[in-house]
Amino acid sequence: MYSTHVSSFISIPFPPSKSKTHKLKYPKILHTKLCSSTPRMSLNQNSNTNLINTITKLLWGPSLPPQLLISTVRSTWSAAWQLMMSQLAPSDPTGSYTRPTSQFRLYSNPKLKVSPKDLHLYVGLPCPWAHRTLIVRALKGLEDSVPVSIASPGIDGSWEFRFFSDPDKDKLVPSLDKANGCKTLREVYKLRRGGYSGRSTVPMLWDMEKKEVLCNESYDIIEFFNSGLNEIAGNPELDLSPPALKDDIRKWNDIIYPNVNNGVYRCGFAQSQEAYDKAAEGLFRTLEMLEDHLGGSRYLCGDVLTLADVCLFTTLIRFDVVYNCLFKCTKKKLIEFTILHGYLRDIYQIPKVAETCNMGQIMEGYYKILFPLNPGGINPIMPSGCEDEVLSKPHNRDSLSLETKVVQHSVS
C-alpha cells in the first residue's frame with residue numbers, strides 16, 4: 001500500500017577507521033571508483049541497483065554483509081513493517097487483524113428511498129467483497145439496469161480509474177468512472193453531501209441523482225440486488241435467498257465469514273505468531289468441514305445456489321492464486337481439497353460467473369500493491385489449477401442434485 005524509492009532508505013555503510021573521531025574513511029581506490037562512476041549514473045531504479053551492487057562488491061566481495069548491517073536493516077524493516085501494517089490492517093492487542101466496519105449501510109435508514117434508475121455500482125476486480133456484487137448482479141440480469149465502474153488499485157493502494165485494454169474480451173476489466181468522471185474513488189466519496197474523509201472502499205453503491213453513497217457493505221448490496229430490484233432485473237425469478245433457507249444461509253455465513261472469508265485475511269495480516277496460528281487453525285478446520293459437508297450436498301444448502309455459496313466462492317477462487325502463497329495459508333492448496341475444488345468449478349461454470357473472474361487482475365491487485373506483504377512487487381506465475389481450462393473441466397456435481405432432489409441439508 002506504500003511506495004517509496006529505495007534510495008531514500010539506504011545509507012552506504014563504509015568501514016569505520018581507527019581514528020578517535022570515528023569519522024568514516026574508505027580506501028582511496030573506492031573513493032576514486034565512486035567519484036568517477038557516480039556522476040555518470042542516471043537516477044532511475046536500474047542505476048540505483050547497479051550502484052548498490054558495485055559498492056557492496058567493493059566492500060565485502062562475495063561474502064555476506066556484516067552481521068551488524070544485517071541486524072540493523074532487519075530491525076529497521078521490522079519497525080517500518082509494523083508501522084505500515086498498523087495502517088493497512090488494524091489489529092487488536094494480540095496482533096489479530098480487526099476488519100473496520102462499513103460506514104454506509106443500506107438498511108440503517110428506514111426512510112431512505114432508492115430509485116432503481118439512479119443506481120451505479122463501483123467495484124474493484126481484486127476485491128472478493130466487490131466480486132460478490134458482480135456475481136449477483138450478473139445472475140439476476142442487472143447488467144443493463146445497474147451500470148458499473150471498475151476501479152483498479154493504484155501504487156499507493158487507493159482505488160483509481162483508468163482505461164485498460166485486456167486481450168481477454170470475455171472478462172471484466174478496469175474502466176474509467178462512468179458516473180462522475182472522477183480519477184479516484186476517493187474523489188467520488190467526497191462528492192457526497194457533507195464530503196467524506198474515511199476509508200474509500202469497494203463495493204460501493206452510488207445514487208447518481210442525489211450524489212450520495214447508498215451503501216458500501218457488500219452483503220447489504222447482494223441482498224438488495226437479489227430481492228430489491230426484481231422490477232428491473234432480467235432474471236427476476238431467481239431467488240438466491242429463498243425464505244425456507246434463510247436460517248441455513250445465516251448459519252453458514254456465521255461459520256464462513258469469520259473463518260474463511262475474513263480468515264484468510266486474519267492469516268495474511270496477522271502481526272504476531274499467536275494471531276497467525278489461531279487464524280490458520282480456524283481456516284483449515286473449516287475447510288475440512290466444508291469438504292466433508294459438500295461431499296453429500298451440491299451446494300451449502302442442498303440443491304439450491306444461495307448467497308452463502310456466492311460468498312464462499314469469491315474467497316475460494318482466490319485461494320490458490322493469492323491466499324495460499326501471499327497470505328501464508330499454506331497447509332493445503334484448494335486443489336488438494338478434491339470436493340471443494342469440484343464445488344468451485346461447479347459455480348465457476350454457471351453462465352456469467354466466469355466473466356467476473358479476471359485472474360490476472362486479481363493477482364496484480366494483491367502482489368503488486370500489498371507492499372508490506374510483497375516488497376519486491378514480483379507477480380508470480382499463475383498456478384495451473386487456477387487457469388480457465390482447469391476451472392472449466394467437468395465437475396460431475398450435478399449427480400448430487402439428482403440423488404438428493406428433495407432433501408435440503410441443514411447446518412448442524
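Along the sequence shown, the residues carry numbers beginning at 1.
Sorted by first then second residue, the ring pair (Phe, Tyr, Trp, His ring centres under 6.0 Å) pairs that include residues 185-205, not counting sequence neighbours, are F104-Y196, Y189-Y196. Here ring pair (Phe, Tyr, Trp, His ring centres under 6.0 Å) pairs that include residues 304-336, with residues two or more places apart or in two chains, are Y265-Y323, Y265-F327, F269-F327, Y323-F327, Y323-Y366, F327-Y366. Sorted by first and then second residue, the side-chain hydrogen bond (donor to acceptor under 3.5 Å, both in side chains) pairs involving residues 225-235 (not counting sequence neighbours) are K140-N230, N226-D239.
Other residues, nucleotides and ligands contribute more than 12 heavy atoms inside 6.0 Å of the NZ atom of K332. No more than 12 heavy-atom neighbours from other residues, nucleotides or ligands sit within 6.0 angstrom of CZ on R186.
Residues satisfying the side-chain hydrogen bond (donor to acceptor under 3.5 Å, both in side chains) criterion with K331, sequence neighbours excluded, are absent altogether. For K352, the side-chain hydrogen bond (donor to acceptor under 3.5 Å, both in side chains) test picks out E143, with sequence neighbours left out.
Checked by atom type, the side-chain pair T306/D309 shows a donor-acceptor distance below 3.5 Å.
A distance of 6.0 Å separates CD1 of I335 from OG of S384, quoted to the nearest 0.5 Å. Here the CG-CG distance, from L305 to D303, works out to 11.5 Å after rounding to the nearest 0.5 Å. Rounding to the nearest 0.5 Å places CD of E223 at 6.5 Å from NZ of K246. Note that CG of N216 is 4.0 Å distant from OG1 of T201, once rounded to the nearest 0.5 Å. To the nearest 0.5 Å, atoms CZ (R345) and NZ (K393) are separated by 8.0 Å.
Counting all heavy atoms, side chain and backbone alike, L283 lies closest to C267 at CD2-SG, 4.1 Å. The nearest pair of heavy atoms linking V173 to F164 is CG2-O, 3.8 Å. Across L340 and L287, no two heavy atoms sit closer than the pair CD1-O, 3.6 Å. Across I317 and M359, no two heavy atoms sit closer than the pair O-CE, 3.4 Å.
Judged by distance alone, with hydrogens and angles left aside, the side-chain atoms of Y348 form no donor-acceptor pair with the main-chain N or O of C357 at under 3.5 Å. No side-chain donor-acceptor contact under 3.5 Å links K210 to the backbone of R192. Under a 3.5 Å cut-off, the side chain of S175 and the backbone N or O of I150 do form a donor-acceptor pair. One N or O on the side chain of R266 and one on the backbone of P258 form a donor-acceptor pair closer than 3.5 Å.
Salt bridge R105/D220: present, at least one basic N to carboxylate O contact under 4.0 Å. With respect to the salt-bridge test (charged N to carboxylate O, under 4.0 angstrom), the residues D254 and R250 qualify.
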Side-chain donor-acceptor pairs of residues 114-134 under 3.5 Å, sequence neighbours excluded:
unit_1: S115; atom_1: OG; unit_2: D118; atom_2: OD2; d: 3.4
unit_1: H120; atom_1: NE2; unit_2: S149; atom_2: N; d: 3.4
unit_1: H120; atom_1: NE2; unit_2: S149; atom_2: OG; d: 2.7
unit_1: Y122; atom_1: OH; unit_2: D177; atom_2: OD1; d: 2.7
unit_1: Y122; atom_1: OH; unit_2: D177; atom_2: OD2; d: 3.4
unit_1: Y122; atom_1: OH; unit_2: N180; atom_2: ND2; d: 2.8
unit_1: H131; atom_1: ND1; unit_2: R318; atom_2: NH1; d: 2.9
unit_1: H131; atom_1: ND1; unit_2: R318; atom_2: NH2; d: 3.3
unit_1: H131; atom_1: NE2; unit_2: T356; atom_2: O; d: 3.3
unit_1: H131; atom_1: NE2; unit_2: T356; atom_2: OG1; d: 2.8
unit_1: R132; atom_1: NH1; unit_2: S218; atom_2: OG; d: 3.1
unit_1: R132; atom_1: NH2; unit_2: N261; atom_2: OD1; d: 3.3
unit_1: T133; atom_1: OG1; unit_2: A130; atom_2: O; d: 2.6

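For the side chain to side chain contact (heavy atoms under 4.5 Å, CB included) with W252, the lone residue among L245, L312, D247, L290 that qualifies is L290.
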